[in-house]
Novice: 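Handing you a structure now.
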Amino acid sequence: MVKRRMVVVEDEPAIRRGVVDALRASGYEVVEAEDGQRGLEEAIRLGVDLVLLDLLLPKKDGLAVLEELRKIRPTLPVIILTAKGTEDDRVRGLKLGADDYVVKPFSARELLARVEAVLRRSAGRPYDVPAARLGEAMIDFERREIRWPGKDRVGLSETETAILSFLVANRQRAVSREELLARLWGIGSQKVETRTIDMHIARLRTKLKRPGGGPSPEAILTVRAQGYMASDDLQPLERVST
Ligand code: CA
């Protein structure tokens, strides 16, 4: 089973340490951030499953982090770590789309119970599309491969998988290159050119063609001046089928 990856954004070292240790002891992979800016950058990286977010943070406060995060990953589970007596912040956090909160001081047991509950609830979210169908082909995002009838299998890179699953999850709209860049390489990554996205899309289109030739449906449409969009032939699946 793939290890779930979490980001802990907390500036108080003792609390951060406690949270990180508890999560690691339960088998989660954990990334730490001690300020809001760094936390946001880590949270939008590939493969993050959950964010534990303090509210009073240096550089960027927790609510601002949450607001920006929601624009890029609307359904990424977030649990707020809040101090007693800050009910307003807690309510604002929930309004901004946090999934749950724990009040400091909290026990490791309580924290882990919340984490498990939020992960369970988020399992069926549209963002986590496990698979898609394209004509006769099945695309398995977890195994990162395209399976055609017979024995033909085409492997996908981590980036290709991320782009394709993101397009499928947002299939009702065109997704801009900038949004894909931010989603894949982080907000501050102006070093990566939007042309990089075009290259990945070109490679994906080649891989999505039926091996050995023959007609195959178009998977990714180019929407002028807007970006890319999953075609109607690319349908999300709730589970991997054969
Ligand atoms: Ca704090």
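Atoms within a ligand are numbered from 1 in the order they appear, just like the ligands themselves. Residues: numbered from 1 along the sequence shown.
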Novice: Salt bridge check, D100 against R120: does any charged N sit closer than 4.0 Å to a carboxylate O?
Specialist: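 Looking at R120 and D100, the cut-off is not met.
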
Novice: Taking the side chain as every heavy atom from C-beta outward, state whether Q226 and S176 have any pair of such atoms under 4.5 Å apart.
Specialist: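 Side-chain contact under 4.5 Å: no.
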
Novice: What do the steps show when you test E179 against R173 for salt bridge (charged side-chain N to carboxylate O under 4.0 Å, His left out), and what is the final call?
Specialist: CA-CA 12 Å; E179 184 177 352; R173 66 182 177 95; 2.8 Å; yes

Novice: We want to know whether D198 and Y228 form a side-chain donor-acceptor pair, criterion being a heavy-atom distance below 3.5 angstrom.
Specialist: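 Yes, side-chain donor-acceptor contact under 3.5 Å.
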
Novice: Could you tell me whether R45 and E41 have a side-chain N and a carboxylate O separated by less than 4.0 Å?
Specialist: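 Salt bridge between R45 and E41, a charged N being under 4.0 Å from a carboxylate O: no.
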
Novice: Does atom NZ of K59 have more than 12 heavy-atom neighbours from other groups under 6.0 Å away?
Specialist: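 No, because the 6.0 Å sphere around NZ of K59 holds 12 heavy atoms or fewer from other groups.
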
Novice: Under 3.0 Å from the Ca ion (ligand 1), which protein N/O/S atoms are there?
Specialist: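 Checking every protein N, O and S atom gives D11 OD1, D54 OD2, L56 O.
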
